[in-house]
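Below is one structure, written out as structure tokens; the observations come after it.
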Amino acid sequence: MSLSPLGASRSLAALFTPIKSGGLVDEVCSRIELAIETGLLTAGQRLPNEVELASALGVSAVTTREALSQLRGQGLIRTVRGRSGGSFIADDALPSPQKARQRLASLTRLQISDLNLHYQAIASACAGLAARRATADDVDTLEELAFLPGKDTEDPLAWRMAHSEFVLEIAAAARSARLARELLRIQAELGTLTLLPFGEQAFRVEATRLHHAIATAIGQHDPPTAESLVRELIQNISSWLLNELSSEQLSRKEAAHDTH
């Protein structure tokens, strides 16, 4: 797979493959929004120019211009004029713990459980294929990403972005474009939610352990173990969110009781 004009990872490059059909402007916007939600595009990052973006996505420059205008209207990007200008991801476009808690409060336990089952199914399928198809270079990349952002930072956004990149790299190693696209879609649907568990040190430590174990299983070409470990990783996220949702619901009930 050739790199996109962004010159970034294979996971991000997968976002900038040609659009086949449908509402082209909406699809361009959706690709950019998805990249922001999954942490592949970060605050201040420069997008390709209109011509480069149009070429990567297989659409006209007019389509990309209209999409960028729509994204500006949503406050997701900002445009700077001049020689060193361009379109950049807006600082306040990124996920935040506040947005994550608002999103969590809007969901039911059943919705979280359904997302968990879907996420497990797609991600474990990617892990199984990666364990069969990964090259030595793929495994090296996974082992590097398994360290996440490192022990020196407690920033949940940095950890969440690194986690997303690790999971998407598994999809890249699986070499299934269809599965990779579906995994990206699920991560976007989860949106900011995964910020919350990465705010806890114990969760970060366990996630790092599982990332290393997954990379090892893929490197040893052991599909059953890789699939099982990925399911465990995702189940941990779901369990944390369900527990947090229960705690917040209880707190709201107690607060409502105190006001009467």
Side-chain angles (χ1 to χ4, degrees), residues 1-4 6-18 31 34-35 37-42 56 114-150 158-191 193-194 197-198 203-240:
M1 179 186 297
S2 61
L3 290 180
S4 74
L6 294 171
S9 67
R10 288 183 299 170
S11 303
L12 183 52
L15 279 163
F16 293 94
T17 53
R31 294 278 185 98
L34 188 152
E37 283 289 344
T38 54
L40 293 173
L41 290 175
T42 60
D114 282 348
L115 270 174
N116 169 56
L117 291 174
H118 193 185
Y119 194 8
Q120 282 192 19
I122 300 301
S124 62
C126 288
L129 284 174
R132 294 178 177 90
R133 299 174 176 176
T135 65
D137 287 343
D138 293 331
V139 175
D140 287 344
T141 300
L142 284 169
E143 288 176 345
E144 290 176 5
L145 291 173
F147 282 101
L148 299 177
W159 281 85
R160 184 257 192 180
M161 288 181 174
H163 164 75
S164 294
E165 182 66 14
F166 177 81
V167 175
L168 292 173
E169 189 63 30
I170 293 174
R175 288 171 174 75
S176 170
R178 186 179 296 274
L179 283 174
R181 286 194 298 270
E182 183 62 13
L183 190 59
L184 283 164
R185 191 193 66 76
I186 296 169
Q187 287 209 345
E189 189 172 355
L190 280 168
L193 288 177
T194 48
F198 281 107
F203 188 92
R204 295 194 296 266
V205 170
E206 178 62 9
T208 301
R209 182 191 71 80
L210 285 170
H211 283 188
H212 282 291
I214 292 165
T216 298
I218 291 174
Q220 293 175 344
H221 302 291
D222 183 354
T225 299
E227 292 170 5
S228 176
L229 289 167
V230 165
R231 284 194 294 269
E232 182 180 353
L233 175 66
I234 293 167
Q235 182 60 52
N236 285 353
I237 294 173
S238 177
S239 296
W240 194 99

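- Taken from CD in Glu206 to CD in Glu232, the straight-line distance is 6.0 Å, to the nearest 0.5 Å.
- Side chain of Ser238 to backbone of Ile234: no donor-acceptor contact under 3.5 angstrom is found.
- The structure places CD1 of Ile122 at 11.5 Å from CG of Leu184, a figure rounded to the nearest 0.5 Å.
- Here Ile186 contributes atom CD1 and Arg181 contributes atom CZ; the two are 13.0 Å apart, rounded to the nearest 0.5 Å.
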Can you give me every donor-acceptor pair (side chain of residues 124-131, partner residue at least two apart or in another chain, under 3.5 Å) with its distance?
residue	atom	partner	partner atom	Å
Ser124	OG	Gln120	O	2.6
Ser124	OG	Ala121	O	3.2

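- Looking at Ile214 and Leu142, their side chains never come closer than 4.5 Å, going by heavy atoms from C-beta outward.
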Inset, instruction - Please step through side-chain contact (heavy atoms from CB on, under 4.5 Å) for the pair Leu233 and His163, ending with a clear verdict. - result: CA-CA 10 Å; Leu233 175 66; His163 164 75; 3.7 Å; yes
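- The aromatic rings of Phe203 and Trp240 lie perpendicular to each other, with more than 60° between the two planes, well past the 30° mark.
- Here CG of Leu193 is found 8.0 Å from CG of Leu115. Values are rounded to the nearest 0.5 Å.
- Residues Leu210 and Asn236 are in side-chain contact: their nearest non-hydrogen atoms beyond the backbone lie under 4.5 Å apart.
- A pairwise comparison of heavy atoms in Phe198 and Arg160 identifies CD1-CA, 4.0 Å as the closest pair.
- Between the side chain of Asp138 and the backbone N or O of Thr135 there is at least one donor-acceptor pair closer than 3.5 Å.
- Taking CE of Met161 as the reference point, atom OG1 of Thr42 lies at 6.0 Å (rounded to 0.5 Å).
- With rounding to the nearest 0.5 angstrom, the NE2 atom of His118 is 9.5 Å from the CG atom of Leu183.
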Name each donor-acceptor pair under 3.5 Å that joins a side chain in residues 223-231 to protein atoms two or more places apart or in another chain, with its distance.
residue	atom	partner	partner atom	Å
Thr225	OG1	Asp222	OD1	3.3
Thr225	OG1	Asp222	OD2	2.6

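- Qualifying salt bridge (Lys or Arg N to Asp or Glu O under 4.0 Å) partners for Glu143, counting only residues two or more places apart in sequence or in other chains: none.
- At a threshold of 4.5 Å between non-hydrogen side-chain atoms, the residues Thr208 and Trp159 count as touching.
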